[in-house]
Amino acid sequence: MAATIDVHLPDGSVRDMPEGSDIGDLAASIGPRLVAAAVAATVDGRPVDLSTKVTPGAVVTVVTSDSPLGREVIRHSTAHVMAQAVLRLWPGARYAIGPVIDDGFYYDFELPGGARFTDDDLARIEAEMRSIMAEDQPFVRQEVGVDEARATFSDQPFKVEIIDAVATGSVEVDAAPASGADDRQGDAPILSTYRNTPSFVDLCLGPHVPSTGRLGHFKLTRVAGAYWRGDERRPQLQRIYGTAWESEQALNEHLHRMEEAERRDHRRLGAELDLFSFPDEIGSGLAVFHPKGGTVRRLMEDYSRERHVAAGYEFVGSPHITKAGLFETSGHLEWFAEGMYPPMKLDGTQEYYLKPMNCPFHMLVFKSRQRSYRELPMRLFEFGTVYRYEKSGVVHGLTRARGFTQDDAHIFCTAEQMEDELASLLTFVLDVLGDYGLDDFYLELSTRPEHKAVGSEEEWESATSVLRRVGEQRGLEMVIDEGGGAFYGPKISVQARDAIGRTWQLSTLQLDFQEPGRFGLEYTDQTNAKRRPVMIHRALFGSVERFFAILVEHYAGAFPAWLAPEQVRVLPVRDDHMDYALAVTAQLRAAGYRVSTEPASEPLGTRIRKAKLTMVPYVLVVGDDDVAEGTVGVNRRGSERPERGVPLAALTAQLADDVSTKRA
RNA sequence: GCGCCCGUAGCUCAGAACGGUUAGAGCACCGGCCUUGUAAGCCGGAGGUCGCCGGUUCAAGUCCGGCCGGGCGUUCCA
C-alpha cells in the first residue's frame with residue numbers, strides 16, 4: 001500500500017495524495033476544468049511550477065490563468081518564447097532580462113553587429129513564437145550551481161553578469177529553491193534555469209507554464225531602446241514589449257482598451273476639437289487655450305469658485321515672479337531649484353524667480369497682520385499659475401506641462417480644528433470631483449519617510465492617524481504608501497478611475513510641519529498666547545490644465561452639456577428658414593445657453609455630419625413644419641434617431657435638466 | 001538629460017531607397033452655383049523660404065553635419 005501525503009487546500013480542506021504526486025496531479029484530482037485553467041501554483045504562498053512535488057502539510061493553491069499571478073506566469077513564459085524566437089531568427093543575438101510588467105512583458109536583446117529591430121521584425125518574431133508554441137515545448141526547471149550556470153551561459157555575457165551578481169550576493173535571490181526539496185544555507189547559491197529545447201535555456205526563478213502550447217494569446221506591441229541595467233553608461237539594448245493574456249477575448253479586450261486610450265488622447269482631441277495648442281513659438285510644455293478650450297476652462301473654474309465660496313474659502317491673488325529671498329525662506333531654492341526656471345537679474349544684483357508654487361505667497365497673506373484664533377480656520381484659495389522647468393523628456397501634453405494653473409488652497413487652523421477640517425475637506429473634494437463626472441475613487445495615504453523628515457514622531461503619528469481616520473470614515477478603499485510622504489508632512493491623495501478604468505492621481509491633502517515655522521506664522525489664542533497654526537496644502541484639480549486633459553479623455557471629447565463649449569447648433573433646412581433659426585438661437589441664448597447657427601450654404605447632411613463630429617450635445621434642425629408649429633427637430637448626442645416636432649419649451653426644459661444635473 | 005523614431009500647405013499625408021522641369025492629394029479655408037428634413041452636393045481659388053543653419057554637388061525636399069521642435073522609451077533588475 002502506497003504512502004499518502006496530506007495536502008491542504010485554500011478552502012481549508014485536506015486531500016490525500018499518493019507519495020510522489022505533483023501539483024498537476026493534485027489539480028487533476030480536483031477536476032478537469034481546473035487542470036485546463038492551471039498554469040502554476042503556490043505552496044505556502046510561494047509561487048511554484050505545477051510539476052512541483054507535493055509535500056506533507058503544505059498549503060497548495062492552484063494558480064489559474066485568469067488570476068493576477070496566473071497572468072504573470074503566462075507573460076513571463078511568453079517572454080521566454082520571444083527570446084527563443086529572437087535567438088532562432090538572429091543567431092548570435094544576446095538576451096538580457098525579460099520581466100513581467102503591467103499588462104505585459106518585455107525582453108532586452110543585443111543583436112549581432114549592432115543591428116536594430118524594425119516594426120516589420122515584430123511580425124516575423126510573432127510568427128516564430130507561434131511555431132514555438134505549436135511545438136508545445138516543455139518548460140523544464142533545473143537547479144544548478146554557479147559554475148554550472150556560468151558554463152551553460154558561457155556565450156551570454158549578460159546572463160553571466162547576472163550569475164556573478166548572484167554569486168557575490170549583490171543581488172537578492174530567493175533563498176529557498178522553489179522545489180522546496182532542500183534548504184541549503186546561503187553560502188552556496190543555487191540558480192534555476194528553464195530549458196525549452198536542447199538549444200534554448202534561460203536563467204529564471206520561475207514559475208512557468210508546463211509547456212509552450214499553453215500560450216498563444218499575445219501580441220508584440222513596440223520596440224524601444226533601453227540601457228542594460230537601466231544605466232546610461234552601459235550598452236544600450238533593444239527592448240521588445242509585448243502583452244499576453246489567458247484567452248483571445250481577454251487579449252482583444254486589452255487591445256481595445258489601448259485603442260480606446262489612443263482615441264481619447266487629449267492631445268489629439270485637443271487639436272481636432274480646436275481646444276488648445278502648443279505653438280513652437282512659445283516653447284516646450286506651454287499651451288495656449290483656443291476659444292472652445294477656454295470656454296470649458298472658464299466653466300470648470302467658475303463652478304469651482306462657486307463651490308469654494310460656499311465652503312468658506314476666501315480668494316487671494318499673488319504675482320508670477322518674486323525676489324529670490326521668498327524662496328530662500330520657504331526652502332524651495334534649497335530642494336526644488338532644479339525644477340525652477342533660472343532667475344532673472346534685475347537692478348544689477350536682485351534676482352527674481354518665476355514661481356513654481358503658490359504657498360509662500362499665501363504664507364505672506366497670513367502674515368500680513370496679527371491673526372486671532374477667531375479667524376481660524378482661514379481658507380485661502382487662488383487659481384495660481386506656476387512655472388516649473390520640467391526636463392525635456394518628461395513634458396507630455398497638458399498632463400505634464402511647464403506652465404500650469406493650480407487650484408491651490410492653504411488652510412490655516414488650530415491643532416484642535418485639524419481633524420474636523422480634514423474630514424470636511426475630504427468630503428468637499430470628493431463631492432466636487434463627482435460633479436465633474438469622476439466618482440470612482442480610492443485613497444492613498446503617504447506616511448513618514450524613514451530617513452529625512454521634519455517634525456516630531458508624535459506630530460507625524462497624530463496627523464497620520466487623523467488622515468487615516470478621515471479616510472476610513474469615507475469608507476473608501478485606502479492604500480498605504482509606507483514612507484511615501486514628503487519630508488514636511490503626511491498626505492492623503494485621491495485617485496480617480498476614469499471611463500476606461502485608468503487611474504489618475506487627483507486631489508491631495510497635505511499637512512505641512514515645515515513652512516509655518518520657516519515663515520514664523522502665529523496667531524493669538526484665547527489666553528493671549530502666541531501659537532503656531534497647522535497648515536494644510538490642498539489642491540482639488542491639482543492643475544487646471546491636467547484636470548482639463550483628464551476630463552477630455554474621460555468624456556472622449558463629448559463634454560456633458562454643462563461643460564460643452566457649444567451646447568446647441570441650429571441648422572435651417574433651407575435659406576428661407578434662417579430667420580426662424582436665428583429666432584430660436586436668440587431665444588436659447590437669452591436663456592443662457594451657448595448656441596450657434598449654421599446657414600444653409602451646404603446640404604443638411606453635411607452640416608449634420610460636421611456638427612456631430614464636433615460632439616455638440618444638441619443639433620437642432622428647423623424646416624417648414626417647425627416654422628409653422630414653433631417646434632424644432634432634435635438630434636441628441638448619442639441617440640440614433642432624431643425627434644421631430646419638439647416644442648422649444650420642451651427642449652429648454654431638457655437642457656436645463658442636463659445642466660443642473662451635470663449629467664449627459 | 002540620454003536613446004530611438006519623426007519634422008513637406010492650418011490638419012492628415014504622398015514625393016525621398018536611385019539628387020535632375022514650375023513639390024502633389026484629401027480635409028479645412030475663400031468665392032460662385034445648388035436651396036437642401038438628418039453623418040461627405042458641384043465648380044473654381046488661395047495657401048509651401050519642404051523645421052533652421054551650414055556642407056557636398058553642375059544641381060539638394062532628397063546626401064552629410066550641427067541646432068530647434070515633436071512622439072515614444074528611459075518605473076518594473078533572473
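Heavy atoms only: backbone and side chains are in, while hydrogens, waters and symmetry mates are out. The sequence lines fix the lettering, A, B, ..., with proteins before strands; numbering per chain opens at 1.
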Under 4.0 Å, counting only non-hydrogen atoms across every strand here, what does A/Tyr241 touch: a base, just sugar-phosphate, or nothing? sugar-phosphate

List every contact pair, protein side and nucleotides 66-71 of chain B side both N or O, where the distance is under 3.5 Å.
residue, atom, partner, partner atom, Å
B/G69, O2', A/Asp280, OD1, 2.8
B/G70, OP1, A/Ser284, OG, 2.8
B/G70, OP2, A/Ser284, OG, 3.4
B/G71, O3', A/Arg267, NH1, 3.2

I would like to know whether A/Thr652 and A/Gln587 meet side chain to side chain contact (heavy atoms under 4.5 Å, CB included); could you show each step before the answer? CA-CA 10 Å; A/Thr652 50; A/Gln587 275 192 61; over 6 Å; no

Distance in angstrom units between A/Arg239 CZ and B/U74 C1', rounded: 8 Å

If we take the P atom in both B/G54 and B/C4, what is their distance in whole Å? 26 Å

B/G37 base / A/Asp626 side chain donor-acceptor hit below 3.5 Å: yes

In terms of side-chain heavy atoms of A/Ile608, which of B/G37, B/A28, B/A39 is nearest? B/A39

Return the nearest nucleotide to the side chain of A/Leu203; candidates are B/G37, B/A39, B/A78. B/A78

Would A/Arg257 and A/Glu260 pass as an ion pair if we require N to O under 4.0 Å? no

Taking only the P atom of each, what is the distance from B/U35 to B/G48 in whole angstrom? 35 Å

Modelled atom types, side-chain donor and acceptor of A/Glu482 and A/Thr447, under 3.5 Å: yes

Measure CD1/A/Ile101 against C1'/B/U74 and give the value in whole Å, please. 13 Å

Base, sugar-phosphate, or nothing: which does A/Asp625 touch, judged by heavy atoms less than 4.0 Å apart? base

Distance in Å, A/Arg75 CZ paired with A/Ile101 CD1, rounded so as to fall on 0.5 Å steps: 9.0 Å

Atom CD of A/Glu272 and atom P of B/U12 are separated, to the nearest Å, by 10 Å

I need the CG-P distance between A/Asn635 and B/A39, as an integer number of Å. 9 Å

To the nearest 0.5 Å, what is the distance between CD on A/Gln156 and CD on A/Glu110? 9.5 Å

Pairwise P distance, B/A28 and B/C42 [rounded to whole Å]: 11 Å

Here the distance between atom C1' of B/C76 and atom CZ of A/Arg75, to the nearest Å, is 13 Å

Salt bridge or not between A/Arg141 and A/Glu143? Use side-chain N to carboxylate O under 4.0 Å. yes

Distance between the C1' atoms of B/U21 and B/A59, in whole angstroms? 12 Å

Which of B/U35, B/A78, B/A39 is nearest the side chain of A/Leu613? It is B/A39

Looking only at atom C1', what distance separates B/C52 and B/C68, rounded to whole Å? 7 Å

Distance check, P atoms only: B/G19 and B/U62, in whole angstrom units. 12 Å

Whole angstrom value for the distance that separates C1' of B/A78 from NE2 of A/His208: 9 Å

Between B/G73 atom C1' and A/Phe105 atom CZ, what is the distance in whole Å? 17 Å

A correct dot-bracket answer for RNA chain B, with pairs being Watson-Crick or G-U at under 3.5 Å, [ ] for crossing pairs and | for inter-strand pairs, is (((((((..((((......[...)))).(((((.......))))).....(((((..]....))))))))))))....

Give, for atom CG of A/Asp103 and atom NE2 of A/His254, the distance between the pair rounded to the nearest 0.5 Å. 4.0 Å

Tabulate protein N/O versus nucleotide N/O from nucleotides 41-47 of chain B, keeping only pairs under 3.5 Å, one per line.
residue, atom, partner, partner atom, Å
B/G41, OP1, A/Thr606, OG1, 2.5
B/G41, OP2, A/Thr606, OG1, 2.7

Could you check how far CG of A/Asp108 sits from P of B/U75, rounded to whole Å? 11 Å

Would you indicate which nucleotide in B/U38, B/U35, B/A39 comes nearest to any side-chain atom of A/Lys612? B/A39

Is any NZ, NE, NH1 or NH2 atom of the basic residue among A/Lys610 and A/Glu598 found under 4.0 Å from an Asp or Glu carboxylate oxygen of the other? no

Distance alone, cut at 3.5 Å: any donor-acceptor contact between the side chains of A/Asp624 and A/His577? yes

Partner of A/Tyr107 under side-chain contact (heavy atoms from CB on, under 4.5 Å), picked from A/Asp202, A/Leu220, A/Ile240, is A/Asp202

Between B/C76, B/G37, B/A78, which one does the side chain of A/Leu604 approach most closely? B/G37

Taking the C1' atom in each of B/U22 and B/C18, what is the distance between them to the nearest angstrom? 23 Å

Classify the nucleic acid contact of A/Lys610 as base, sugar-phosphate or nothing, counting any heavy atom under 4.0 Å across all strands shown. sugar-phosphate

Reference residue A/Val621; test side-chain contact (heavy atoms from CB on, under 4.5 Å); the match among A/Ile608, A/Val570, A/Val632: A/Ile608

Atom of A/Thr399, atom of A/Ala549 and distance for their closest heavy-atom approach: CG2-CB, 3.9 Å

In terms of side-chain heavy atoms of A/Val621, which of B/A78, B/U38, B/U74 is nearest? B/U38

Ion pair present between A/Asp658 and A/Arg637, side-chain N to carboxylate O less than 4.0 angstrom? no

Expressed in whole Å, how much space separates the P atoms belonging to B/G47 and B/G66? 36 Å

Return the orientation label for the A/His396 and A/His266 ring planes: parallel under 30°, perpendicular over 60°, tilted otherwise. perpendicular

